[in-house]
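Every value quoted in this text rests on a predicted model; they were computed, and no experiment measured them. A note on names: the letters A, B, ... follow the listed sequences, proteins ahead of strands, and every chain is numbered from 1.
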2 protein chains.
Amino acid sequence: MATMTAAQKREQARTAYDAFLRACPTNQLLDRLSDKWVSLVLAALSSGPMRYSDLSRKIAGVSPKMLTQTLRALERDGLVTRTVTPSVPVRVDYELTELGGSLAQLMTAVKTWAETHFDEVHAAREQYDAGNAAAS
Amino acid sequence: MATMTAAQKREQARTAYDAFLRACPTNQLLDRLSDKWVSLVLAALSSGPMRYSDLSRKIAGVSPKMLTQTLRALERDGLVTRTVTPSVPVRVDYELTELGGSLAQLMTAVKTWAETHFDEVHAAREQYDAGNAAAS
DNA sequence: TGAGGTAGGCACCTTCAGGTAACTACTTCC
DNA sequence: GGAAGTAGTTACCTGAAGGTGCCTACCTCA
């Protein structure tokens, strides 16, 4: 029975995890929030509504595919609104909803934490790296 | 000059992005925080110190590799402490530092947001999906 | 008149994060 | 004496996220 220990345990653990953590709606939202581009788009939009091309310029490193994908996800979750103005060249504006705004505030709080404690983290890193190098 | 438009622009954009956003220390910390396992480990440790195997059981879905990797990263950033007790089988305890605790509180705030607004998000999703299906 | 901008969609292709499995050294329990 | 647990490390491999290029359709400006 030695052959099934690892596999079986893994299987059991996975099942337990699915039931215990994966099914938790909070976790699903957390996953969404931890997306790389979501925070950037949220930050960009927190200074007011923007058009698609404005966003792609402001965030710069984002590919059109990812930008569209991220915006669709945020729109689906009711965090941003997508307003199409059927003018001469079709113009599309994206804007934070109230819900999105409240989330953006939270992200700002996290950002503030990062800014406040960055020096501590940085010091810890240097100390860790130095200790690591010396220990060898 | 038509051949360089896309490539050149992309290059420029990438450079601008690197200088403008990637170099921002806050962004680096944000990246760390948005890690999938970091939040889970933080949540697990917020209820008190735990041993390696305790963590691997509690979080379940995590592989030993990812757990070690996550813990090392957190330790390096001064968010958790790693205490080795050279007892009979080497025993290792992980515990949140003060810094880690403050971050865990922030994550809890985000979690609270997610719990509070989950129904709104869920409603938005259903509406979006329904509208999408009907529109076709 | 054709090049460029606006708002993406589609398909391919690469990369790398993360999973899996196997191994270590030491000890204790059966 | 060997199987199992503790705390990992290492090498290998896959799958999915994300990047890139190419396409549309319409309009305007040089």
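Looking only at distances, a side-chain donor or acceptor of A:Thr97 sits under 3.5 Å from a matching main-chain atom of A:Gly100. Here the side chain of B:Thr85 pairs no donor or acceptor atom with the backbone of B:Ser87 at under 3.5 angstrom.
The minimum heavy-atom distance between A:Asp119 and A:Thr116, with the atom names listed, is OD1-O, 3.3 Å.
Atom C1' of nucleotide C:dA17 and atom CE of B:Met66 are separated by 7 Å, given to the nearest angstrom. Atoms CD (B:Gln69) and C1' (C:dC16) sit 12 Å apart, rounded to a whole Å. A:Leu40 has its CG atom 15 Å from the C1' atom of D:dG18, to the nearest Å. What separates NZ of A:Lys36 from C1' of D:dA17 is a distance of 10 Å, to the nearest Å.
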**Message:** Base contacts versus sugar-phosphate-only contacts with protein, heavy atoms under 4.0 Å: please encode nucleotides 6-14 of chain C as B, S and - from 5' to 3'.
**Reply:** SSSS-B---
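A salt bridge does not link A:Arg82 to A:Asp93: none of the charged side-chain nitrogens sits closer than 4.0 Å to a carboxylate oxygen.
For the ring-ring contact (aromatic ring centres under 6.0 Å, His included) condition, the pairs that include at least one residue of residues 76-114 of chain A, sequence neighbours left out, are A:Trp113-A:His117.
When side chains are defined from C-beta on, A:Glu75 does not count as touching A:Asp77, because their heavy atoms never get closer than 4.5 Å.
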